[in-house]
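Side chains included, hydrogens not; waters and symmetry mates left out as well; all remaining heavy atoms used.
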Amino acid sequence: LLKRHDRPATPSRIADELGYSAMTIGRAFDDIVAHGLASSERDGKRRYIHFKLEGQKLFHAAERFLRTAVRSIKYVEGPSPGKELKLAGESALSELSLARPRLATYAIVASKWKDFIGGQRRAARDKDDADYIVETWSYDPRALSDERTIDPLSLYVQFKDSPDERVASAAEAVLSEVKW
């Protein structure tokens, strides 16, 4: 949905773009086909996936299978990551409609957390000591967004069911701005 191309989708092409193994993407293809969202065909050794719907219709058909990418939330003391990480959480929502939160929130793939926190940064003892927040994600948020913030679909999935009506409404606004 976010990385549209003219070429058909193969596990190896998507794996290269997102930084995963072709085997992992192949399992994702299997899940997508099993949920009835696409069909799969082989041409020699190559496997292709063909989605049954496009754009917003595909997203809404898949929405019930989506879950937030956020694994954990860390409070951090030290210099701001600047452009090193994507804006995430309510900080990303604030770029669109919410008032800016007291602490900026950023996203990083969980496997890079220990490298990031080394040096001049450290995990805060508690939220009051923190200079900003880092969400560790199950996938690399940089792979799906060329913007300053995380991608809009991940942001929507994270906040669509928020008990805070203003946050849920901002998530809906994010989704309404997606160029399908």
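Side-chain contact annotation: E84 with Y106, donor-acceptor N/O pair under 3.5 Å absent. One side chain, Y132 or R121, offers a donor N or O that lies under 3.5 Å from an acceptor on the other.
With hydrophobic clusters built from ILVMFWY side chains whose heavy atoms lie under 4.5 angstrom apart, Y75 shares a cluster with V70. Side-chain heavy atoms closer than 4.5 Å link hydrophobic residues (I, L, V, M, F, W, Y) into clusters, and following such links, possibly through other members, connects L155 to V167. Criterion: ILVMFWY side-chain heavy atoms under 4.5 Å apart, direct or through other members. Under it, V109 and V157 are not part of a common hydrophobic cluster. Under the 4.5 Å side-chain heavy-atom criterion for Ile, Leu, Val, Met, Phe, Trp and Tyr, I73 and W137 are members of the same hydrophobic cluster. Both F59 and V178 are members of a single hydrophobic cluster when ILVMFWY side chains are connected at heavy-atom separations under 4.5 Å.
Here the straight-line distance linking atom CZ of R13 with atom CD1 of I25 works out to 10.5 Å at 0.5 Å rounding. In this structure, E90 CD and D164 CG are separated by 6.5 Å, a value rounded to the nearest 0.5 Å. Taken from CD1 in I32 to OG in S39, the straight-line distance is 11.5 Å, to the nearest 0.5 Å. Here the straight-line distance linking atom OG of S94 with atom CG of L87 works out to 7.0 Å at 0.5 Å rounding. Atom CG of D43 and atom OG1 of T10 lie 11.5 Å apart (nearest 0.5 Å). I150 CD1 to L85 CG: the interatomic distance, rounded to the nearest 0.5 Å, is 12.0 Å.
Remark: side-chain polar atoms of S169 are not paired, donor with acceptor, to backbone N or O of R166 under 3.5 angstrom. Side-chain N or O atoms of D131 include one that pairs as donor or acceptor with a backbone N or O of G78 at under 3.5 Å. A donor-acceptor pair is defined here as one N or O able to donate and one able to accept, closer than 3.5 Å; such a pair exists between the side chain of D151 and the backbone of S154. Formation of a donor-acceptor pair under 3.5 Å by the K86 side chain with backbone atoms of E147 is found in this model.
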**OP:** Determine, step by step, whether E63 and Y156 satisfy the side-chain contact (heavy atoms from CB on, under 4.5 Å) criterion, reporting the C-alpha distance in whole Å, the side-chain angles of both residues, the deciding distance to 0.1 Å, and the verdict.
**Re:** CA-CA 10 Å; E63 190 173 357; Y156 170 76; 2.6 Å; yes
**OP:** In sequence, state the C-alpha distance, the side-chain angles, and the governing distance for T105 and E135, and then conclude on side-chain contact (heavy atoms from CB on, under 4.5 Å).
**Re:** CA-CA 7 Å; T105 302; E135 297 173 349; 3.6 Å; yes
**OP:** Any chance you could lay out the side-chain contact (heavy atoms from CB on, under 4.5 Å) test for L58 and W180, step after step, and finish with the verdict?
**Re:** CA-CA 10 Å; L58 176 59; W180 302 101; over 6 Å; no
**OP:** Report the C-alpha separation of T136 and S72 in whole Å, then their side-chain angles, then the decisive distance to 0.1 Å, and conclude whether the side-chain contact (heavy atoms from CB on, under 4.5 Å) test is met.
**Re:** CA-CA 5 Å; T136 61; S72 66; 2.5 Å; yes
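Between L103 and A130, the closest heavy-atom pair is CD2-O, 3.5 Å. Smallest separation of non-hydrogen atoms from E17 and A143: O-CB, 4.3 Å. Minimum heavy-atom separation, A168 to S162: CB-O, 3.8 Å. Of all the heavy atoms in A22 and P11, the pair that sits closest is O-CB, 3.7 Å. Across R71 and A110, no two heavy atoms sit closer than the pair NH1-CB, 3.6 Å. Across I49 and A38, no two heavy atoms sit closer than the pair CG1-CB, 3.6 Å.
Side-chain contact check for D140 versus L18: every heavy-atom pair is 4.5 Å or farther apart. The side-chain heavy atoms of Y139 and L144, taken from C-beta on, include a pair separated by under 4.5 Å.
Taking a 6.0 Å sphere around CZ of R102, one finds it holds more than 12 heavy atoms contributed by other residues, nucleotides or ligands. Heavy atoms of other residues, nucleotides or ligands lying less than 6.0 angstrom from NZ of K127 number 12 at most.
For residues 28-58, the set of pairs meeting the ring-ring contact (aromatic ring centres under 6.0 Å, His included) definition, not counting sequence neighbours, comprises H35-F65.
Using a 4.0 Å cut-off between charged nitrogen and carboxylate oxygen, D129 and R122 do not count as a salt-bridge pair.
When each of T68, L153, L93 is paired with Q158, the side-chain contact (heavy atoms from CB on, under 4.5 Å) condition holds for T68 and for no other.
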